[in-house]
Asks: 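Once you've had a glance at the structure underneath, I'll fire off some questions.
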Amino acid sequence: MRVKIHHEGTHILIALLLVALAICVPLWVWGPLPLAIAMTAVLTVFYLLVVNFFRSPRRTYGGETENAVVSSADGTVVALEEVEEDECLHCRCIQLSVFMSILNVHANWFPVEGEVVYTKHHKGRFLAAYLPKSSTENERSTVVIETPAGQKVLMRQVAGAMARRIVTYAHPGVEARIEDHMGFIKFGSRVDLYLPLGTEVFVKVGDKTVGGMTRVAQLHPEITVSQEN
């Protein structure tokens, strides 16, 4: 598994490095040595934390992709329940939510194979991302993917208390592949998946997931069709 720095963090890391140098160099030249050492240590630790946040691993999903649902994010499952999805699908769905802490990778992967049929960005609040109402009240971006079997899976990127920017690369007509990045959320957030009723779920609240790697569910189009009929 190869790890690199996500391009969303390049400008931020360069700016932080210049600021750190502007602070530390004068201290090493003219300031007291203990202060120079302490400030350099603090800024180095902070900079490494930001570098860690913007890491962007390239992952290869080794399982069968047909009807598979793979976690879109690294983090912890914080919600798993049947809900009404009112924005786009307008039906009862299984909501599976993964919360990303500041230490998790914040790149987001497509959860299923298929074609993107809907995208929309919503302005909103910046409540703590683990709260249930953050899914409908926070800044968020919605993407719907239609699988080859005709099922629609909704993925929602939700900003958190620290997140101030959601980046979504998907747009209608794009081919969705599990191994591809769908977007990025900066500094703390969550990802919600809305799955058709009848989907077999393999995780529970409290489980850890790895984006682009952990198979969290299996779609069953034949069950959904029989229910609708």
Side-chain angles (χ1 to χ4, degrees), residues 6-8 56 58-61 63-75 79 83-98 100 105-125 129 134-160 163-186 189-199 209 211-222 224-225 227-228:
H6 200 282
H7 63 83
E8 295 293 342
S56 178
R58 299 298 303 175
R59 294 170 178 168
T60 301
Y61 178 67
E64 174 61 48
T65 59
E66 183 178 4
N67 294 321
V69 182
V70 178
S71 179
S72 291
D74 289 14
V83 299
E84 186 76 21
E85 201 295 304
D86 292 325
E87 176 186 345
C88 178
L89 302 179
H90 303 292
C91 64
R92 301 292 293 178
C93 300
I94 298 172
Q95 179 184 339
L96 193 163
S97 301
V98 173
M100 294 172 281
V105 169
H106 274 59
N108 301 144
W109 284 259
F110 285 107
V112 294
E113 305 272 286
E115 180 183 348
V116 177
V117 296
Y118 172 90
T119 61
K120 188 170 183 179
H121 183 83
H122 303 266
K123 294 185 178 299
R125 303 170 66 186
S134 67
S135 294
T136 54
E137 295 187 18
N138 277 22
E139 187 96 4
R140 60 200 182 278
S141 184
T142 301
V143 175
V144 177
I145 304 151
E146 185 170 346
T147 70
Q151 289 187 301
K152 291 181 179 179
V153 172
L154 186 150
M155 173 184 173
R156 181 170 290 139
Q157 298 169 286
V158 183
R164 286 298 184 270
R165 188 183 177 201
I166 296 175
V167 182
T168 304
Y169 308 133
H171 56 81
V174 166
E175 179 185 0
R177 298 177 65 251
I178 286 172
E179 294 180 357
D180 290 343
H181 285 170
M182 189 283 289
F184 195 95
I185 314 179
K186 296 182 179 181
S189 43
R190 68 187 265 177
V191 171
D192 298 336
L193 298 181
Y194 291 82
L195 309 171
L197 297 183
T199 298
T209 64
M213 298 289 287
T214 304
R215 186 165 68 111
V216 295
Q218 182 76 14
L219 300 172
H220 290 287
E222 69 283 357
T224 304
V225 171
Q227 288 177 337
E228 291 175 350

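When reading the values below, keep in mind they use all heavy atoms of this one structure, side chains included, and skip hydrogens, waters and symmetry mates.
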Asks: If I take atom CZ from residue Arg177 and atom OG1 from residue Thr65, how far apart are they, to the nearest 0.5 angstrom?
Replies: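 The CZ atom of Arg177 sits 9.0 Å away from the OG1 atom of Thr65.
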Asks: So Asn67 and Pro221, do their side chains get closer than 4.5 Å, heavy atoms only?
Replies: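 Yes, close enough: below the 4.5 Å cut-off.
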Asks: Please report the shortest heavy-atom distance between Val112 and Leu219, naming the atom on each side.
Replies: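 Looks like CG1-CD1, 4.4 Å.
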Asks: Say whether, by atom type as modelled, one donor and one acceptor occur between the side chain of Glu113 and the main chain of Ile178 under 3.5 angstrom.
Replies: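 Yes, because the side chain of Glu113 sits within donor-acceptor range (under 3.5 Å) of the backbone of Ile178.
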Asks: Identify which one of Lys123, His121, Gln157 satisfies the side-chain hydrogen bond (donor to acceptor under 3.5 Å, both in side chains) criterion when paired with Glu139.
Replies: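 One option only clears the test, and that one is His121.
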Asks: Of Glu84, Lys152, Arg92, Arg156, which is the lone residue that meets side-chain hydrogen bond (donor to acceptor under 3.5 Å, both in side chains) with Tyr194?
Replies: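 The passing option is Arg156.
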Asks: For the residue pair Trp109 and His181, categorise the inter-ring angle as parallel (less than 30°), tilted (30 to 60°) or perpendicular (more than 60°).
Replies: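 If you compare the ring of Trp109 with that of His181, the planes turn out perpendicular.
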Asks: Determine whether a donor-acceptor pair (N or O, by modelled atom type, separation under 3.5 Å) exists between the side chain of Glu85 and the backbone of Glu87.
Replies: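 Answer holds: yes.
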Asks: In Å, rounded to the nearest 0.5 Å, how long is the span from CE of Met213 to OG1 of Thr60?
Replies: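 These two atoms lie 7.5 Å from each other.
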Asks: Rounded to the nearest 0.5 Å, how far apart are SG of Cys91 and CG of Leu197?
Replies: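 Rounded to the nearest 0.5 Å, the SG-CG separation comes to 7.0 Å.
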Asks: Between CD1 of Ile185 and OG1 of Thr168, what distance do you get to the nearest 0.5 Å?
Replies: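 One gets 7.5 Å once the value is rounded to the nearest 0.5 Å.
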Asks: Got a donor-acceptor contact below 3.5 angstrom from the Arg190 side chain to the Ser97 backbone?
Replies: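 Checking the backbone N and O of Ser97 against the side chain of Arg190, no donor-acceptor pair under 3.5 Å is found.
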Asks: Compare every heavy atom of His171 with every heavy atom of Thr119, then report the nearest pair and how far apart it is.
Replies: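 Smallest heavy-atom distance, with atoms named: CG2-CA, 3.7 Å.
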Asks: Decide yes or no for Leu154 and Cys93: does some side-chain heavy atom of the first lie under 4.5 Å from some side-chain heavy atom of the second?
Replies: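 No, too far: nothing below the 4.5 Å cut-off.
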Asks: Before you tell me yes or no, could you show the steps for Val98 and Ser72 under side-chain contact (heavy atoms from CB on, under 4.5 Å), namely the whole-Å CA-CA distance, both residues' side-chain angles and the distance that decides it to 0.1 Å?
Replies: CA-CA 8 Å; Val98 173; Ser72 291; over 6 Å; no
Asks: As an exercise, state the distance from NZ of Lys120 to OG of Ser141, rounded to the nearest 0.5 Å.
Replies: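 Rounded to the nearest 0.5 Å, the NZ-OG separation comes out at 11.0 Å.
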Asks: If you look at every heavy atom in Asn108 and Ala73, which pair is closest and at what distance?
Replies: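 Reported closest heavy-atom pair: ND2-CB, 4.0 Å.
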Asks: Closest heavy-atom contact between Thr199 and Ala217?
Replies: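 Minimum heavy-atom separation between Thr199 and Ala217: CG2-CB, 3.6 Å.
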Asks: For a side chain to side chain contact (heavy atoms under 4.5 Å, CB included) with Val69, tell me which candidate from Val216, Ile94, Leu96 qualifies.
Replies: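 Going through Val216, Ile94, Leu96 one by one, the side chain to side chain contact (heavy atoms under 4.5 Å, CB included) with Val69 is satisfied by Val216 alone.
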Asks: Between Tyr169 and Val174, is any pair of side-chain heavy atoms under 4.5 Å apart?
Replies: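 They are not in contact (no side-chain heavy atoms under 4.5 Å apart), so the answer is no.
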Asks: Hey, is the main chain of Tyr61 close enough, under 3.5 Å, to the side chain of Glu179 for a donor-acceptor pair?
Replies: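 Yes, Glu179 side chain to Tyr61 backbone: donor-acceptor pair under 3.5 Å.
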Asks: Could you tell me which non-hydrogen atom of Gly211 sits nearest to which non-hydrogen atom of Asp74, and how far apart they are?
Replies: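 Gly211 and Asp74 have their closest heavy atoms at N-OD1, 2.5 Å.
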Asks: CE of Met155 to CZ of Phe110: how many Å apart, nearest 0.5 Å?
Replies: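 One finds 8.0 Å between CE of Met155 and CZ of Phe110.
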